[in-house]
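Comments concern the structure below.
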Amino acid sequence: MAEEFKSKILSSFEQFENQLNGSKLSAVHNIRRKALEAFQSLGFPTAKNEEWRFSNPNFVNKNEFSVVLKPDDKHISQAGINQYLYENLDEHLLVFINGFYTEKFSNIKARKRTIIIGSFAEAINKNKDELLNHFSQYAKFDEDAFTALNTAFAQDGAFILIPDGTIVERPIRLLNITDSSSDSVLSCPRNLIIAGECSQFKIIETNHSIGDKPSFTNAVTEIAMDFSSNVEYYNIQSNNENSYYIGTTQVKQERASIFSGTTVTLSGNYVRNNLNSLLNAEACETNYNGLYFVGNNDFVDNHTLIDHANPNCNSKELYKGILNGKARGVFNGKIIVRPDAQKTNAFQTNKNIMLTDEAKIHSKPQLEIYADDVKCSHGATSGNIDSESMFYMRSRGISEEMAKFSNIKARKRTIIIGSFAEAINKNKDEL
């Protein structure tokens, strides 16, 4: 089955090339070709690969996915889009269906001419120089099969360029809908976000899936941050039980830049979030926050990497999870402190609560330190609902099921407030 799917991908790439016409000789397509060669060489990872030990992506061999090569929004209505909008949120809205930008559902507010908020496909023609300066420079396709697959079929997604000294007041919303109503689909959205010197803005990416057939979203986002830029990036997954999602976000930070990444997973058959930051100069700050609350047979894996390649940088990472039913989770967070990265401060924490005996979590915080003048720590805790709270409610005539439900509500509320209090307070006037 693995070889059959691989052959199907190669056949899809030939179809893709045939629809490109003259652009087959472009610099962008040369990168796509190299990525396809890398994908052929790498092949899909298995449980034998250490990075995929607890999140074996064998679903790629069990489903007959078809690569989406052209936009198709016939199953989507405005009413369908409206259910995913946030009330009273004044935002720049970009809607993507199976990875393709859909202008008729999008709503980009008036903005300065120098600000670019649009689609990757349009940027290939209109902003080729800026795109080629960054496209595939940070998310390396020769190291990861799913990044290679995405790069090979990189047609559309978001292209955002915020120039030097610009503050974008409205959040920029990327609404991704994967539609498998008529076929089992594989979509490869590609996002490129460029933050100029001293720029400041927020990105909110939300992912949803519809349809009864299996769907696989293989997304890659590259974020390039120049001197003293400040980017807040929120990635939220709320997919159905037929969905498989692998998202890779690669951030490159230059001097004095601040990146804050928040990942929220609420549902999905299989979710893998790869969030990586390279602190490429001094005085960078990186903040990761994660929340996952999953149940049924859902699976979520958060793989993070903060690479302290230069001195005098700070990073903080906090991931909290609640697992119900037969849900399974993985947290694998790695912090690397390079030999020259003296005066590094890096802190990492993962906390989990299992609401049932069937729920499982594999937590693996990691530190690789090659410098001696640093302050670093990591830790992980996992456990069940507090027994004293359960006894208190049971002794007052509350059934075990109701007592557990009450704890779920209280724990969920506490974790959400604790994880997002700072962000909520900071942005409350805008939201």
Side-chain angles (χ1 to χ4, degrees), residues 138 162 167-168 171-172 193 195 198-205 221-237 247-265 273-292 302-321 331-338 341 343-352 363 365-369 374-380 415-428 430-431:
Y138 317 119
I162 309 301
I167 297 176
V168 181
I172 302 168
I193 300 166
C198 302
S199 63
Q200 184 175 338
F201 57 95
K202 303 177 184 68
I203 304 288
I204 303 173
E205 180 178 348
T221 298
E222 294 179 291
I223 303 176
M225 300 181 62
D226 212 330
F227 167 74
S228 197
S229 57
N230 189 329
V231 175
E232 294 180 28
Y233 178 73
Y234 301 84
N235 190 347
I236 304 169
Q237 299 105 37
T248 298
T249 300
Q250 183 68 53
V251 186
K252 181 188 178 187
Q253 296 183 237
E254 295 300 338
R255 182 178 174 82
S257 61
I258 301 174
F259 176 77
S260 300
T262 299
T263 305
V264 181
T265 303
N273 296 303
N274 301 313
L275 178 57
N276 311 312
S277 291
L278 170 63
L279 284 59
N280 199 49
E282 292 192 51
C284 292
E285 180 180 326
T286 304
N287 302 295
Y288 286 178
N289 293 293
L291 172 69
Y292 40 102
N302 285 293
H303 258 66
T304 67
L305 171 62
I306 300 177
D307 189 349
H308 285 263
N310 285 274
N312 300 301
C313 294
N314 301 315
S315 68
K316 293 181 180 179
E317 182 173 3
L318 174 62
Y319 274 70
K320 294 185 177 182
F331 173 79
N332 190 311
K334 180 183 290 188
I335 295 173
I336 300 177
V337 181
R338 303 289 178 180
K343 304 296 184 182
T344 287
N345 295 314
F347 307 100
Q348 179 190 85
T349 304
N350 176 226
K351 298 182 179 181
N352 301 284
S363 184
Q366 297 173 268
L367 286 175
E368 292 185 15
I369 302 174
V374 302
K375 293 181 180 179
C376 299
S377 68
H378 65 176
I415 287 179
I416 290 175
I417 292 174
S419 296
F420 297 106
E422 183 178 0
I424 291 172
N425 291 332
K426 185 177 180 181
N427 302 321
K428 62 182 179 181
E430 299 176 25
L431 299 177

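Every heavy atom of this structure was used, including side-chain atoms; hydrogens, water molecules and symmetry mates were not.
Taking His303 as the reference, Glu51, Arg272, Asn274, Asp301, Val330, Asn332 meet the side chain to side chain contact (heavy atoms under 4.5 Å, CB included) condition, with sequence neighbours excluded. The salt bridge (Lys or Arg N to Asp or Glu O under 4.0 Å) search around Glu317 returns none, not counting sequence neighbours. Legend: residues meeting side-chain hydrogen bond (donor to acceptor under 3.5 Å, both in side chains) with Thr286, ordered by chain and number and at least two apart, are Gln253. Not counting sequence neighbours, Glu285 has no partner by the salt bridge (Lys or Arg N to Asp or Glu O under 4.0 Å) test. When the ring-ring contact (aromatic ring centres under 6.0 Å, His included) test is applied to Tyr319, the partners found at least two apart in sequence or on another chain are Phe331. Taking Leu305 as the reference, Asn276, Lys334, Ile336 meet the side chain to side chain contact (heavy atoms under 4.5 Å, CB included) condition, with sequence neighbours excluded. Ala224 is linked by a side chain to side chain contact (heavy atoms under 4.5 Å, CB included) to His134, Tyr138, counting only residues two or more places apart in sequence or in another chain. Every residue meeting the side-chain hydrogen bond (donor to acceptor under 3.5 Å, both in side chains) condition with Thr265, not counting sequence neighbours, appears here in chain and number order: Gln237, Asn273. The ring-ring contact (aromatic ring centres under 6.0 Å, His included) test applied to Phe259 returns no partner, not counting sequence neighbours. For the salt bridge (Lys or Arg N to Asp or Glu O under 4.0 Å) test, residues two or more places apart in sequence or in another chain that qualify with Lys343 are Asp373. Listed by chain and number, the residues in a side-chain hydrogen bond (donor to acceptor under 3.5 Å, both in side chains) with Asn352 are Tyr292, Asn350, Ser382 (sequence neighbours excluded).
Between Cys376 and Ile335, the closest side-chain pair of non-hydrogen atoms is not below 4.5 Å. Between Phe201 and Val231 there is a side-chain heavy-atom pair separated by less than 4.5 Å. In this structure, Tyr288 and Ser277 have side chains that are in contact, with non-hydrogen atoms separated by less than 4.5 Å.
Across all their heavy atoms, Thr221 and Glu205 have their closest contact at OG1-OE1, 4.0 Å. The shortest heavy-atom contact between Gln250 and Leu278 is NE2-N, 4.3 Å. For the pair Ala341 and His308, the tightest heavy-atom approach, listed with the atom from each and the gap, is CB-O, 3.3 Å. For the pair Ala281 and Cys313, the tightest heavy-atom approach, listed with the atom from each and the gap, is O-SG, 3.2 Å.
One distance of note links CD of Glu232 with CG of Asn289; it measures 10.5 Å at 0.5 Å rounding. Taking CE of Met225 as the reference point, atom OG of Ser199 lies at 7.0 Å (rounded to 0.5 Å). Atoms CD1 and CD1, on Ile203 and Ile172 in that order, are 4.0 Å from each other to the nearest 0.5 Å. To the nearest 0.5 Å, atom CG of residue Leu275 and atom CD1 of residue Ile223 are 8.0 Å apart. Distance check: Leu291 CG to Asn302 CG gives 9.5 Å after rounding to the nearest 0.5 Å. Between atom CG of residue Asn235 and atom OG1 of residue Thr249 there is a gap of 5.5 Å, rounded to the nearest 0.5 Å.
Using a distance-only test at 3.5 Å, with no hydrogens or angles considered, a donor-acceptor pair links the side chain of Asn310 to the main chain of Leu279. With hydrogens and angles disregarded, a donor-acceptor distance shorter than 3.5 Å links the side chain of Gln348 to the backbone of Gly333.
The list of salt bridge (charged side-chain N to carboxylate O under 4.0 Å, His left out) pairs with a residue in residues 305-315, not counting sequence neighbours, reads Asp307-Arg338.
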